[in-house]
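Reading through the structure tokens given below for one structure.
Letters go in sequence order (proteins before strands), and every chain restarts at 1.
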Amino acid sequence: MKEIEKAYEAKKYEDDIYKKWEKSGAFSPKKVKGKKPFVIAMPPPNATGTLHLGHATMLAVEDIMIRFKRMQGTPSLWIPGTDHASIATQNKVEKIVAERGETRHTLGREKFLQEVHEFVKKSQNTIRNQVRKMGSSCDWTRERYTLDSGLSKAVSEIFVRMYNDGLIYRGHRIVNWCVRCTSTLADDEVEFKEEKTKFYYIKYGPVVIGTARPETKFQDKIIVAHPDDKRYKKYFGKKMTVDWINGPIEAAFLADKNADPEFGTGAMTLTPAHDFLDFDLAKKHKLEIVQIIGQDGNFTDVVGKKFAGKSARASREAIVEILQKKGLIERIDENYVHNLSVCYRCGTPVEPLVSEQWFVDVNKPVIKEGDKKVSLKKRAIDVVKKGKIEIIPDRFNKIYFHWLNDLRDWCISRQIWFGHRIPVWYCHSENKKPLCAKPIVQVKAPTKCPGCGSNKLEQESDTLDTWFSSGLWTFSTLGWPDKTDDLDYFHPTAVLETGYDILFFWVARMILMTNYALDEIPFKQVYLHGLVRDKNGKKMSKSAGNGIDPLDMIDKFGTDAVRLSLVIGTSAGNDFRLYEEKIAGYRNFVNKIWNSARFAFMNMPDNKPHKFLKSHIKSHADKWILTELQNLIKEVNVDMENYHFSEAGTKIYNFTWGIYCDWYLEMSKGEHMNPAVLLFVLKNLLKLLHPFVPFVTESLWNHLETGTMLISEEWPVYDKTLVFTKEAKELKDIMEIITSIRSIRAEKGVEPARKINATIYGGAKTKLIITKESIIKRMARIENLTIAPKGEKLAKALWKYVNGINIYLPVEDLFDISQEVIRMQKKYEEINKKAESIGSRINNPNFVQRAPKELVEKEMKQHQELLAEMDSLQKQIKELQNLHN
RNA sequence: GGAGAUGUAGCUCAGUUGGUUAGAGCGCAACAUUGACAUUGUUGAGGUCGGUGGUUCGAAUCCACUCAUCUCCACCA
């Protein structure tokens with residue numbers, strides 16, 4: 001067989017192999033009737049730039065799942081794609097145009113969006129290449145983009161359906177507003193940053209109120225305290241005139257349980273338009289809601305000439321000064337620590353304000369369930385509660401339920417330009433008839449108003465929350481709303497694999513939306529991987545400069561090594577640390593795989609194909625390695641089915657390096673060379689390794705010239721006819737003899753090159769040892785080996801005892817009786833301790849009564865053996881001591 | 001304020017439903033170098049499994065409490 005290079009150079013092979021896979025069509029599954037497919041909808045990376053380690057982890061794990069299932073013969077589909085990521089992408093492009101002094105407003109909607117689309121095109125290409133670099137075996141013929149025409153159609157379609165079902169409504173409500181993005185943010189798009197600030201105690205008529213934001217208080221006319229608060233009881237229901245920022249105002253005092261007597265002074269004034277709690281209270285008590293801060297973060301006209309149009313936040317000090325001059329500031333706490341809410345995309349402080357937005361009603365019962373109807377929220381909870389969707393690890397169930405229970409109506413409109421424009425049109429006709437007040441909600445753009453026939457129509461300028469479209473991902477990618485074969489065959493998908501950080505953002509939304517649209521779950525399982533951290537356990541981020549670029553690592557160590565480093569040593573839901581040394585370690589392993597194959601190739605007679613037949617099995621070593629291989633296959637299959645990839649990978653790693661290379665290949669170097677078995681094991685090993693390290697395994701498979709591709713090969717199945725328990729156990733005894741001899745040699749400083757003699761008293765295992773004489777001699781570097789069932793203790797010989805076998809190495813120049821006695825005594829103590837531990841157990845009637853029978857028998861037998869060993873040892877020690885005297 | 005995770009060798013982590021003597025990789029120490037591989041081999045040192053108490057014949061594993069680290073959710077004017 002053709003010889004291969006000494007070291008595996010990933011770069012030389014990876015791109016070619018990927019192209020071959022793609023060309024072969026292996027990524028596109030065939031639909032087989034009656035056979036359940038395995039489908040993963042790839043979480044679409046944002047179309048904003050480059051892949052990070054989170055993506056790399058996701059791609060590695062999903063590719064392992066897909067390759068495993070594909071090799072098992074399951075039609076396996078992995079749908080790739082990208083997400084337009086409205087706010088994130090728009091912000092990025094805004095930054096780019098800012099470099100040449102433009103803003104989106106100077107460019108205008110159309111031109112700006114043109115810029116965004118061009119940017120997206122570029123980064124999509126980058127992402128496509130990077131996904132390929134990771135070796136992802138996804139079906140590129142089905143690649144989708146959340147903003148492409150098919151998915152946009154799905155978005156409009158579902159919007160219209162939900163609107164018609166009364167699930168989507170438009171309303172004035174208080175929302176999180178980012179003054180930089182000039183858009184609303186959903187509740188979970190708000191982040192909290194701890195901040196130390198001033199806390200002001202301000203006289204408000206007869207009472208004192210506390211606030212961190214005095215600038216929002218211009219129009220506060222209602223003061224509230226807890227109904228049980230004795231300090232304020234006398235004021236409840238009273239009206240009063242108080243001196244305030246712009247002069248005296250009429251104020252009223254209310255009692256409400258929502259006021260916390262413990263906080264501040266226990267009394268607060270209401271700012272209904274700019275505080276969530278105040279807004280709710282204002283609604284409850286039917287109070288006037290006056291907007292004093294506009295969408296640009298500046299004051300509206302209602303605050304008076306002096307401040308109108310000025311930034312609210314920046315005016316704080318000036319307003320405090322006015323209050324101070326009026327003598328209304330009682331005191332200022334300089335060290336108030338609280339959580340400032342900021343925009344998750346740009347970090348700008350969120351300005352709560354009231355505006356007209358579109359919402360999804362999560363409580364309205366619309367999904368049919370028997371004779372009843374249930375809400376989106378209830379259904380989303382039920383499908384997990386009833387086990388229709390399994391979340392791995394299951395501790396996230398609780399988090400999921402908690403989030404859903406507290407879920408308020410979902411604000412889906414965004415005042416940004418990039419995204420799906422809401423499919424709603426308003427009639428701007430002069431001759432307003434009653435019908436024209438009603439918005440036109442439909443998938444296709446209307447040409448004229450159905451009410452008055454006017455063609456003066458204008459589409460809603462708002463776009464949809466990016467998660468609204470990605471919430472449809474599992475089925476919109478398969479062609480919905482059209483009834484396609486793909487949708488029919490591949491939906492629901494099997495597993496949704498993603499980081500736990502987007503459980504709410506995305507996973508929960510998908511469950512909501514899919515249950516509504518299809519009355520079906522989007523996936524049966526949710527596998528949440530952990531987040532990648534740096535060597536010190538810190539989150540990787542650009543600002544901290546501790547990030548690792550997966551592509552740099554691929555360049556340096558190869559994709560296979562990077563994949564292993566992201567999968568082995570990690571478990572679902574738990575964060576893990578990544579650093580170069582780790583990846584380098586797996587690069588070494590990949591090279592080890594390469595070289596083990598290289599050895600096999602070099603020993604392969606090059607004429608005939610090496611079909612494996614049972615008649616080829618010859619030696620103990622063959623039977624042992626086949627047994628180990630079958631055990632591996634069995635265990636790995638269980639692990640893979642249960643998504644225990646780390647364990648499966650570790651087991652394959654240990655087999656490859658510690659069993660196949662360190663022992664079987666070493667034994668093969670002698671007369672045990674058996675190309676048929678060697679090749680059989682190698683082939684199976686390559687298959688098992690393939691999902692983890694697809695490139696190196698495929699390129700080695702290529703060298704086998706089987707004419708097939710490993711990606712499409714059959715996954716190994718446990719074959720008990722290839723298990724030889726007895727022979728495997730016997731060979732392990734031989735291995736222990738070899739290890740023992742090596743151990744004494746190393747301990748005594750016998751140079752590896754020096755050949756020495758040995759005598760083995762093998763007891764019941766003598767026959768076996770004789771047949772393995774040559775292996776022992778070669779691997780333990782023994783010149784003359786004497787084997788007998790039993791015999792005299794050799795004088796001046798180093799000794800070792802293992803599993804009923806006595807080994808003597810007569811190395812006179814290195815022999816020291818007193819040291820040998822000590823060694824034997826140590827061994828005696830060791831065995832004695834063990835015997836005592838077992839003895840105490842088997843002499844305990846409770847143990848004998850209650851422990852499983854097999855265990856008790858086993859322990860008793862072992863105890864006997866230990867006692868016999870101790871006897872023999874004691875004899876030997878005496879002999880040695882006699883020799884000494 | 002609420003919830004969760006983690007704590008095992010110097011470091012990073014395994015340890016599946018409780019079962020003899022707790023494992024691996026890296027690192028460390030010693031030795032080895034033409035033959036698959038120095039991206040290597042052989043051998044070795046290193047752990048009272050965070051602590052306390054309990055359940056059990058038996059606990060790293062189950063329970064309670066406790067300490068430490070981290071994360072998520074909520075958010076108070």
| task | Take A/Y586 and A/N591, measure what side-chain hydrogen bond (donor to acceptor under 3.5 Å, both in side chains) needs, and give me the verdict at the end. | result | CA-CA 9 Å; A/Y586 289 114; A/N591 188 57; over 6 Å; no
Any salt bridge linking [X] with [Y]? Criterion: basic side-chain nitrogen under 4.0 Å from a carboxylate oxygen.
| X | Y | value |
| --- | --- | --- |
| A/K217 | A/D220 | yes |
| A/E580 | A/K556 | yes |
| A/K535 | A/E581 | yes |
| A/D256 | A/K284 | yes |
| A/R778 | A/E666 | no |
| A/R577 | A/D534 | no |
| A/K203 | A/E330 | no |
| A/K198 | A/D333 | no |
| A/R213 | A/E215 | yes |

| field | Comparing A/E751 and A/R533 on RNA chain B - which has the more 5′ nearest nucleotide | value |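 Looking at the nearest nucleotide for each, A/E751 comes out on the 5' side.
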Scan [X] against the nucleic acid and name what it touches under 4.0 Å (heavy atoms): base, sugar-phosphate only, or nothing.
| X | answer |
| --- | --- |
| A/S571 | sugar-phosphate |
| A/H644 | nothing |
| A/K861 | nothing |
| A/L665 | base |
| A/E859 | base |

| query | Could you give the NZ-to-P distance, from A/K651 to B/G23, as a whole number of Å? | reply |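 The distance from NZ of A/K651 to P of B/G23 comes to 16 Å, rounded to the nearest Å.
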| request: Can you check each nucleotide of nucleotides 37-47 of chain B against protein heavy atoms at under 4.0 Å and return B for base, S for sugar-phosphate only, - for none, in 5' to 3' order? | output: B-BSSSSS---
| remark: Each nucleotide of nucleotides 2-12 of chain B classed B (base within 4.0 Å of a protein heavy atom), S (only sugar-phosphate) or -, in 5' to 3' order, makes -SSS------S
Per [X] side chain, nearest of listed nucleotides [options]:
| X | options | answer |
| --- | --- | --- |
| A/F192 | B/G19, B/A74, B/A14 | B/A74 |
| A/Q862 | B/A77, B/U20, B/C75 | B/U20 |
| A/F504 | B/A36, B/U20, B/C72 | B/C72 |

| remark: Under the rule of Watson-Crick or G-U wobble with both distances under 3.5 Å, where | means paired to another strand and [ ] a crossing pair, RNA chain B maps to (((((((..((((.....[...)))).(((((.......))))).....(((((..]....))))))))))))....
| request: Examine B/C76: is either OP1 or OP2 under 4.0 Å from a nitrogen or oxygen in the side chain of A/Y336? Give yes or no. | output: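 Answer no for this pair, as no side-chain N or O of A/Y336 is under 4.0 Å from OP1 or OP2.
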| query | Within less than 4.0 Å of OP1 or OP2 of B/A77, is there a side-chain N or O belonging to A/T271? | reply |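 So the side chain of A/T271 is outside the cut-off, no N or O lying under 4.0 Å from OP1 or OP2 of B/A77.
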| query | What residue among A/V696, A/I593, A/L700, A/N595 forms side-chain contact (heavy atoms from CB on, under 4.5 Å) with A/Y8? | reply |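 That would be A/V696; it is the only one of A/V696, A/I593, A/L700, A/N595 passing the side-chain contact (heavy atoms from CB on, under 4.5 Å) with A/Y8.
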| request: Between B/U20 and B/A36, how far apart are the P atoms? Round to whole Å, please. | output: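 40 Å, rounded to whole Å.
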